[in-house]
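When reading the values below, keep in mind they use all heavy atoms of this one structure, side chains included, and skip hydrogens, waters and symmetry mates.
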Amino acid sequence: MFNEIGARRSKVLIIDDDPLFRSMLASVMREKYIVFVAADGEEGYRKALAHPPHAIILDIRMPGWDGLKTLRTIRRNELLAELPVMILSSDASRETVIAAIHSGATDYLIKTSFTRKEFHSKLTRLIETARDRALDRPSRRRLEEAWSHVRRVPPATPIPPRENSPPAAAELPETVNAPSADNSQLQEIMDAWE
C-alpha cells in the first residue's frame, strides 16, 4: 500500500466498459496507485461508495449508466461530490466535452491523444489539489464524526466569538456542493482541446 518513498498510495477507480482498455490502463496505473475497476457507471458508483477512491477515471460512452449520468450521480452524493473525476473518452465532440464539464468533470482527456507522462501528471495534480482542498475545508460530517466520542459539556460562561472566526458547526451547510467549473476553467479546457 506504500510507494517507493513510503508514502501511502492513492486509490483510483477506473470506470470503462472496454475490457482491453480498462486492463491496459489499470496495469499502467498500478505502478503508482491502488486501482479498482468497474465495467459500467452503476457498478462504478457502487464501488466508489463501498471503497471511496481519491480520484475516478470515467469513460463517457457506456451501456446502462453512461459517463454523464454516472458523473451527475457522483456529484449529487455528499460523500463523493468533491472527488476529482477525469473523463477519459474517445468522444471528442465539443458538445460532450462541454456537457461533461458542466456536469462536474474535473478534467477531460481524449483516449487517442494523451501520453502516459501527461496522464500521470494530470492525475497526480488532480489528487493533490483535492487533498489540499479537503484539508482547507473539512466537511461538517467529518468534523462531527471526529468529535462524536467527546462528551458534550456546556461551558459555564459563554465564550464570545473572535473577530473573523469561522462559522459555528450549526451555521455550516448540510451538504457540500460539487466543485463547478468557472468560465476560465472551461476556457482553459476548451483551448487545450482545440
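Distance check, rounded to the nearest 0.5 Å: CD of Glu118 to OG of Ser113 gives 7.5 Å. Rounding to the nearest 0.5 Å places OG of Ser89 at 9.0 Å from CG of Leu68. Rounding to the nearest 0.5 angstrom, the gap separating the CD1 atom in Ile98 from the CD1 atom in Ile101 is 9.0 Å. Distance check, rounded to the nearest 0.5 Å: NE2 of His120 to CD of Glu31 gives 5.5 Å.
Using a distance-only test at 3.5 Å, with no hydrogens or angles considered, no donor-acceptor pair links the side chain of Ser121 to the main chain of Lys117. With hydrogens and angles ignored, the 3.5 Å screen pairs no side-chain donor or acceptor of Thr129 with any backbone N or O of Leu126. Listed for the Thr106 side chain is a donor-acceptor partner under 3.5 Å among the backbone atoms of Val85. Side chain of Arg9 to backbone of Lys32: no donor-acceptor contact under 3.5 angstrom is found. Using modelled atom types, one side-chain atom of Arg75 and one backbone atom of Gly104 make a donor-acceptor pair closer than 3.5 Å.
Residue Arg22 is tested with Ile15, Val37, Asp59 for a side chain to side chain contact (heavy atoms under 4.5 Å, CB included); the sole match is Val37. Leu88 pairs in a side chain to side chain contact (heavy atoms under 4.5 Å, CB included) with only one of the listed residues (Ile110, Leu25, Ile14), which is Leu25.
In plain terms, the two heavy atoms of Val35 and Ala26 that are nearest each other are CG1-CB, 3.9 Å. Ile57 and Leu123 get closest at one heavy-atom pair: CD1-CD1, 3.8 Å. The heavy-atom pair separating Asp107 from Arg125 by the smallest distance is OD2-NH2, 3.8 Å. Heavy-atom minimum distance, Ala100 versus Leu71: O-CD2, 3.4 Å.
Side-chain contact check for Asp17 versus Pro63: some heavy-atom pair is nearer than 4.5 Å. Looking only at side-chain heavy atoms (C-beta outward), Tyr33 and His54 stay at 4.5 Å or farther from each other. When side chains are defined from C-beta on, Asp16 counts as touching Lys111, because their heavy atoms get closer than 4.5 Å. The shortest side-chain heavy-atom distance between Leu58 and Tyr108 does not fall under the 4.5 Å cut-off. Annotation: side chain of Leu83 is in contact with side chain of Leu80 (closest heavy-atom distance under 4.5 Å). Considering only heavy atoms from C-beta on, Thr70 comes within 4.5 Å of Ile74 through its side chain. Inter-residue side-chain proximity for Arg46 and Leu49 is flagged as unmet; no heavy-atom pair is nearer than 4.5 Å. Looking at Val28 and Arg116, their side chains come closer than 4.5 Å, going by heavy atoms from C-beta outward.
Under 3.5 Å, the side chains of Ser93 and Asp91 contain a donor-acceptor pair of N or O atoms.
Between Tyr45 and Trp65, the angle of the ring planes lies from 30° to 60°, which puts this pair in the tilted group.
With Phe36 as the aromatic partner, Lys11 does not meet the cation-pi criteria of under 6.0 angstrom to the ring centre and within 45 degrees of the ring axis.
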Verdict with reasoning, Asp66 to Arg61, per side chain to side chain contact (heavy atoms under 4.5 Å, CB included): CA-CA 6 Å; Asp66 67 7; Arg61 303 269 182 233; 5.7 Å; no
